2 protein chains.
Amino acid sequence: MDDKKTTKERIARGAASLFRKQGYAAATLRQIASAIGIKSGSIYYHFDSKQDILFQIMDSTLCELTSIVEEGITKIESPLQKLYAAIDTHIRYHIDNLDYTYAADTEIRSLNEENLKIIIAKRKRYENIFKEIIIEVTTNSTTRIINTKLTTLALLQMCTGLSLWFQKDGELSIQDVIDQYYQFVMSGISDNEK
Amino acid sequence: MDDKKTTKERIARGAASLFRKQGYAAATLRQIASAIGIKSGSIYYHFDSKQDILFQIMDSTLCELTSIVEEGITKIESPLQKLYAAIDTHIRYHIDNLDYTYAADTEIRSLNEENLKIIIAKRKRYENIFKEIIIEVTTNSTTRIINTKLTTLALLQMCTGLSLWFQKDGELSIQDVIDQYYQFVMSGISDNEK
DNA sequence: GTCTATAACTAGATAGAC
DNA sequence: GTCTATCTAGTTATAGAC
């Protein structure tokens, strides 16, 4: 048993893992409860509903991700170094929190109307961090970019897609992935080298 | 009513649309039936089960996509032109069949064991088309590629991600998207220009 | 804070009328 | 080929014992 965490955290962790494997709709509260050794009724002491579990997972993940990416670029002046730092943080956070980021990235359609509004707004804010950096990069260089919005989405899509196939014990190291992705993105958006 | 198609095709079409909006598990047979103006019991005359609908959608989509991409590159000699043609076909097919490709790209986890094997194998085959092209491109040029598998997955992830946000009536034309994506990919994997 | 028991509901699937 | 009616099972959520 995972004694280091509160029951609430253990429920969220178990839920995120099942949401990733089966999807939100297909994962049942009985499975979530059973995964951490409690009964489904007990979940309602910690969460209001199944929807509430999903929302809290997505909300906390988006908030944390946004805050560490913002923090990571705050002292950097060079646009290119900002871009590298943002990609680096994004990828490392995704790899360290595969279950949570997978839910945050793919389960928007499972949110109810009220929660959807909140998450969409936070997502936009996160995407804007990257969009701003890309605009900075391109204003100071010969650029290949046709559309910054498209580029931002393509970039994030590519980096986020890691959650779908990356395996910690696989053949590729995290550093390999970050370097290759940065190379990919950098050369894709700018004629400048280095 | 869509008189041009058989009922079976209309069911598949309605199902794919709902699978995209809500996910396979959350979409009900009653919703699918209602979307095309029949009752849920009637579906079983055309399909064995809900799982069968999903499988046939994914299988036919993967088969068709594979065949038109293969056909599109068959007469092309230049590796770079092959890459462009493959990306072009992939993106156009995705945009023309958003509901079907979305299911094929995201609902693997909803397949049962038997169907999973079949789809995984066809997916691998499709990915290999791109991997082979990337290997061809990189053997004839100064390359930035660390790992062809990673590059293939990043490329496909990026192009496939279109299904998540692209809107036909949006500000971006299909040609814009294809050009930017090809630029992105090309410069990402090779030092050669054009 | 976790349990058991169960209410209220909805799902996929089947059978047989037409 | 589509319908109505229904079976069976599983779902979220609640109530109250401990």
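By convention in this document, chain letters (A, B, ...) are assigned in the order of the sequence lines, proteins followed by strands, and residues within each chain are numbered from 1. Keep in mind that this is a model prediction, so the values were computed, not measured.
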Can you check the [X] [atom1] to [N] [atom2] distance for me, whole Å?
X	N	atom1	atom2	answer
B/Asp52	C/dG12	CG	C1'	13 Å
B/Ile43	D/dT4	CD1	C1'	15 Å
B/Lys39	D/dT6	NZ	P	15 Å
A/Ile38	C/dG1	CD1	C1'	10 Å
B/Tyr44	C/dA13	OH	P	3 Å
B/Leu29	D/dC3	CG	C1'	16 Å
A/Ile53	D/dA13	CD1	P	9 Å
A/Tyr45	D/dT14	OH	P	16 Å

**Request:** Report yes or no: does A/Glu9 contribute a side-chain atom to a donor-acceptor pair with the main-chain N or O of A/Thr6 at less than 3.5 Å?
**Result:** yes

**Message:** Looking at A/Ile134, is its backbone amide N or carbonyl O close enough to the side chain of A/Lys82 to form a donor-acceptor pair, meaning the two atoms are under 3.5 Å apart?
**Reply:** no

**Message:** Whether A/Ser40 contacts D/dT12 is assessed here as follows: a side-chain N or O lying under 4.0 Å from the phosphate OP1 or OP2. Is that the case?
**Reply:** no

**Asked** Are OP1 or OP2 of D/dG1 and a side-chain N or O of B/Ser42 less than 4.0 angstrom apart?
**Response** no

**Request:** Scan B/Ala27 against the nucleic acid and name what it touches under 4.0 Å (heavy atoms): base, sugar-phosphate only, or nothing.
**Result:** sugar-phosphate

**Prompt:** Using a cut-off of 4.0 Å on non-hydrogen atoms, how would the nucleic acid contact of A/Ala25 be classed: base, sugar-phosphate, or nothing?
**Reply:** nothing

**Prompt:** From A/Tyr84 OH over to A/Thr89 OG1, what is the distance, rounded to the nearest 0.5 angstrom?
**Reply:** 10.0 Å

**Prompt:** Where the side chain of A/Ser49 is defined as all heavy atoms beyond and including C-beta, which of D/dT4, D/dA13, C/dT2 is the nearest nucleotide?
**Reply:** D/dA13

**Prompt:** So which nucleotide from D/dA13, C/dT2, D/dG1 ends up closest to the side chain of B/His46?
**Reply:** D/dG1

**Prompt:** Checking only heavy atoms, does the side chain of A/Arg30 share a donor-acceptor pair with the base of D/dG10 at less than 3.5 Å?
**Reply:** no

**Item:** Pairwise 5' ranking along DNA chain D for B/Gly41 and A/Gln31, keeping only the more 5' one
**Value:** B/Gly41

**Asked** Which of parallel (below 30°), tilted (30 to 60°) and perpendicular (above 60°) describes A/Tyr126 and A/His90?
**Response** parallel

**Message:** I'd like to know if the side chain of B/Glu132 pairs up with that of B/Asn128 as donor and acceptor (distance under 3.5 Å, no hydrogens or angles considered).
**Reply:** no

